[in-house]
Structure formats: C-alpha cells, structure tokens
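Written below as structure tokens is the structure these notes are about.
All chains are named by letter (A, B, ...) in the order of the sequence lines, taking the proteins before the strands, and each is independently numbered beginning at 1. Because the structure is a prediction, the values reported are computed rather than measured.
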Number of protein chains: 2
Amino acid sequence: MKSFSPASPACLAASSEDVAQKLAALSHPARLEILRRLGGRSCCCKEVVAHLDLAQSTVSQHLKILVEAGLVRYEPERQRSRYQIDQAALAAVSASVSALVESCCAVEGADV
Amino acid sequence: MKSFSPASPACLAASSEDVAQKLAALSHPARLEILRRLGGRSCCCKEVVAHLDLAQSTVSQHLKILVEAGLVRYEPERQRSRYQIDQAALAAVSASVSALVESCCAVEGADV
DNA sequence: ATCGTTCATCGTCGATAAACGATGAAACCT
DNA sequence: AGGTTTCATCGTTTATCGACGATGAACGAT
C-alpha cells in the first residue's frame with residue numbers, strides 16, 4: 001500500500017518537528033473523536049458538534065487545528081462548511097509512526 | 001503480524017484518551033529524538049543529554065514523560081539509570097494509529 | 001573523608017493549549 | 001424585509017507544557 005521507496009527514508013522520517021507537529025494534532029481525545037466521526041464522508045461543523053458535547057466554538061477550533069496540521073481538508077462552503085479527512089496525510093502519519101517503531105526496534109535484529 | 005483479533009477492536013482503539021495520551025508523549029521533537037537514540041539498547045540519561053544539547057534536567061523531564069506514558073522502561077540503577085524502549089508499547093501505539101486510519105478510510109470501500 | 005559524577009526533583013518563568021461566551025458575517029427560509 | 005441557522009473569529013480565563021538553574025541524594029574514585 002505504501003508507495004514510499006524504502007531507499008529514501010527521509011521522506012518518511014521527515015523532520016522530527018514535522019512528525020511531532022502532526023502527532024500533536026492527534027494528541028487530543030476530542031480531535032480523535034472528530035476524526036472517527038468524519039470517517040470517510042465529509043461533515044459540517046454542526047454535525048460534529050452534536051456528536052461531541054463541546055461548545056461550537058471549541059469544536060471549530062479543534063477542526064482548525066486538524067486542518068492546519070494538514071490532516072483534514074476544508075471547503076468553506078456557503079453555510080455548511082465541509083470537513084473531510086485527508087486520507088493520504090493520515091496514512092503518511094501512520095507510516096511515520098511505523099517507521100519510528102521499526103527504527104527503534106531494528107537494532108535488535110541488526111537490520112541495517 | 002498483528003496478533004489482535006479483528007473481532008474486538010476495543011483493545012486496539014482503547015479510549016481516545018488513552019491513545020491521545022501516548023500520542024502526546026510522542027508529539028515533541030526532543031522525545032522523538034530520544035526514542036531514536038534509545039533504539040534497541042538501553043541508555044543512561046547522560047548519554048541522551050550528550051546527544052540532544054538540552055539541559056540535563058530537561059532531558060530527565062522528557063524521559064519521565066516517556067516513562068509515564070509507558071513507552072519507555074525505567075530501571076533506577078545505582079548511578080546510571082537505564083532507560084529502554086518498550087517495544088511492545090510502541091508497537092501498540094503504531095497499531096492504534098493504523099487502526100484509526102483504517103477506520104477513517106473504511107467507509108469508502110464499505111469494508112464492514 | 002573528600003571530591004567529582006550522575007541523576008531526579010523542585011521552583012520559576014514565559015509560552016502555549018483548551019475551553020467558553022459573545023459577536024458578526026453569510027446564507028437560507030417565509 | 002425580518003428571522004433563523006450555521007459558522008469562524010475574538011477576547012478571556014485557567015491549566016498545562018517546555019526549559020532552565022539550583023539543589024540534594026547516591027555512588028565511585030582517590
């Protein structure tokens with residue numbers, strides 16, 4: 001599935017800061033719930049609000065954070081703005097974490 | 001590879017809070033560097049300090065956070081405390097993230 | 001016994017995050 | 001036109017984070 005060439009781990013590892021930033025966006029229960037809620041479809045803000053019992057302004061803020069992290073795509077439609085998961089970006093984060101784990105465990109088997 | 005039964009996603013998903021907490025521990029560049037540094041072996045604090053150019057107290061703090069998140073094992077040896085990655089825990093986090101991604105992308109293919 | 005190392009903890013400070021209510025813009029409905 | 005709905009932003013408050021120096025404990029070496 002991962003279309004990354006194993007020869008250039010740089011594109012996976014990225015800078016620690018880069019990965020850290022995206023993980024920071026994921027490191028809040030509400031935002032994880034939002035992602036689950038978004039699922040594959042696109043939702044408007046209100047829909048998420050109804051699901052979360054947080055103030056609308058708070059949810060909007062969380063959505064903004066996810067958008068700024070590049071994990072969610074945002075289309076400011078008229079009244080009902082559309083929020084939609086950026087699956088590729090999310091998959092990239094997952095890959096980064098996997099890469100991290102592997103790089104940490106690699107020594108054991110002397111994989112290099 | 002994953003020895004989780006797909007029938008009980010609860011053990012993967014855990015609570016959002018649980019996952020979020022572990023991700024929070026990973027969401028700092030210094031801590032990612034520390035994990036990379038730890039690799040498979042066990043290091044003492046000073047070793048990490050030398051690698052990071054941060055104050056010793058700061059590094060100790062970061063290590064503590066990683067330990068509290070359950071991602072690093074800590075053995076308060078005499079003078080040179082040993083820090084070692086908990087590979088299983090780290091792998092579990094990776095699995096959680098993967099699960100999240102999949103659950104978010106599943107709708108597209110109607111995988112359920 | 002005394003020094004030098006290594007390390008964890010404490011207290012502090014500035015910066016950032018999290019949450020909320022209030023406000024105003026934009027669009028829809030009647 | 002007038003009311004309603006949806007949403008983003010602003011301003012505020014409280015809490016937590018990140019980093020540091022200082023301190024003291026435990027140990028090894030001399």
Side-chain angles (χ1 to χ4, degrees), chain A residues 15-38 41-85 93, chain B residues 15-38 41-86:
Chain A
S15 64
S16 287
E17 296 182 2
D18 216 39
V19 180
Q21 188 211 344
K22 290 183 190 303
L23 288 178
L26 291 178
S27 67
H28 192 288
R31 293 198 284 270
L32 290 179
E33 281 303 320
I34 289 177
L35 287 181
R36 283 192 230 280
R37 192 56 178 177
L38 288 181
R41 55 193 162 280
S42 73
C43 296
C44 64
C45 181
K46 175 183 175 142
E47 207 170 337
V48 180
V49 171
H51 182 58
L52 272 191
D53 109 333
L54 279 176
Q56 177 265 328
S57 57
T58 304
V59 172
S60 191
Q61 193 63 20
H62 281 306
L63 283 169
K64 188 179 182 184
I65 290 173
L66 287 170
V67 169
E68 285 177 346
L71 300 177
V72 165
R73 248 174 288 132
Y74 167 58
E75 205 165 347
E77 205 161 315
R78 326 277 167 181
Q79 205 160 349
R80 307 209 150 190
S81 299
R82 313 307 304 178
Y83 288 93
Q84 188 172 6
I85 285 187
V93 174
Chain B
S15 65
S16 287
E17 296 182 2
D18 216 39
V19 179
Q21 188 212 344
K22 291 183 189 302
L23 289 179
L26 291 179
S27 67
H28 192 286
R31 292 196 286 269
L32 291 179
E33 281 303 320
I34 289 176
L35 287 181
R36 284 191 229 280
R37 189 58 179 177
L38 288 181
R41 52 193 164 280
S42 74
C43 296
C44 64
C45 182
K46 175 184 174 146
E47 207 170 338
V48 180
V49 170
H51 183 58
L52 272 192
D53 111 330
L54 278 177
Q56 177 266 328
S57 57
T58 305
V59 172
S60 190
Q61 193 64 20
H62 281 305
L63 283 168
K64 187 180 182 183
I65 290 174
L66 287 170
V67 169
E68 285 177 347
L71 300 177
V72 165
R73 247 174 290 134
Y74 167 58
E75 205 165 346
E77 205 161 316
R78 323 279 168 181
Q79 205 160 350
R80 306 209 149 190
S81 299
R82 312 307 304 178
Y83 288 93
Q84 188 172 7
I85 285 187
D86 186 330

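In this view, A:E33 and A:R36, A:H51, A:L52, B:S16 satisfy the side-chain contact (heavy atoms from CB on, under 4.5 Å) rule, not counting sequence neighbours. Not counting sequence neighbours, the partners of B:E17 by the side-chain contact (heavy atoms from CB on, under 4.5 Å) test are A:P29, B:S15. The salt bridge (charged side-chain N to carboxylate O under 4.0 Å, His left out) search around A:R82 returns none, not counting sequence neighbours. Partners of A:S57 under the side-chain contact (heavy atoms from CB on, under 4.5 Å) rule, at least two apart in sequence or in another chain, are A:A55. Scanning for side-chain contact (heavy atoms from CB on, under 4.5 Å) contacts around A:Q79 gives an empty result, with sequence neighbours left out.
Put simply, CG on B:L63 is 10 Å from P on C:dC7, counting in whole angstrom units.
Contact annotation: the side chain of A:S60 never approaches that of A:K64 to less than 4.5 Å [non-hydrogen atoms, C-beta and beyond].
The nearest pair of heavy atoms linking B:L66 to B:A25 is CD2-O, 3.8 Å. Nearest approach of A:C45 to A:L63, heavy atoms of both residues: SG-CD1, 4.1 Å. Taking all atoms of both residues into account, the shortest heavy-atom contact from A:I65 to A:R31 is CD1-NH1, 3.4 Å. Closest of all the heavy-atom pairs between B:V49 and B:Q56 is CG2-CA, 3.9 Å. For the residue pair B:S27 and A:S27, the shortest heavy atom distance occurs at OG-OG, 4.2 Å.
If you find the closest nucleotide of DNA chain D to B:Q61 and to A:R80, the one lying nearer the 5' end belongs to A:R80.
Checked by atom type and distance alone, the side chain of B:R37 never pairs as donor or acceptor with a backbone atom of B:V48 at under 3.5 Å.
Across all strands, A:S81 comes closer than 4.0 Å only to sugar-phosphate atoms, never to a base (heavy-atom distances).
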Start with the C-alpha distance between B:L32 and B:L26, add both sets of side-chain angles, then the distance that settles side chain to side chain contact (heavy atoms under 4.5 Å, CB included), and finish with yes or no.
CA-CA 6 Å; B:L32 291 179; B:L26 291 179; 4.3 Å; yes
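With rounding to the nearest 0.5 Å, the separation of CD in B:E75 from CZ in B:R80 is 15.0 Å. Distance check, rounded to the nearest 0.5 Å: OG of A:S42 to CD of A:E77 gives 8.0 Å. For the atom pair B:I85 CD1 and B:L38 CG, the distance stands at 5.0 Å (nearest 0.5 Å).
Counting only residues at least two apart or on different chains, the ring pair (Phe, Tyr, Trp, His ring centres under 6.0 Å) pairs with a member in residues 54-82 of chain A are A:H28-A:H62, A:Y74-A:Y83.
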Atom pairs under 3.5 Å: protein N/O with N/O of nucleotides 14-16 of chain C:
none

Can you pull every protein N or O that's under 3.5 Å from an N or O on nucleotides 24-30 of chain C?
residue, atom, partner, partner atom, Å
C:dC28, O4', A:Q79, OE1, 3.4

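Near DNA chain D, defined here as any heavy-atom distance below 4.0 Å, the residues from residues 46-57 of chain B are B:L54, B:A55, B:S57, listed numerically. Applying a 4.0 Å cut-off to non-hydrogen atoms, the residues of residues 66-76 of chain B that approach DNA chain C are B:Y74, listed by residue number. A heavy-atom distance below 4.0 Å to DNA chain D is reached by none of the residues of residues 23-32 of chain A.
In summary, contact between chain A and DNA chain D, defined as any nucleotide atom under 4.0 Å from a heavy atom of the protein, begins and ends at D:dT5 to D:dT9 in the 5' to 3' direction.
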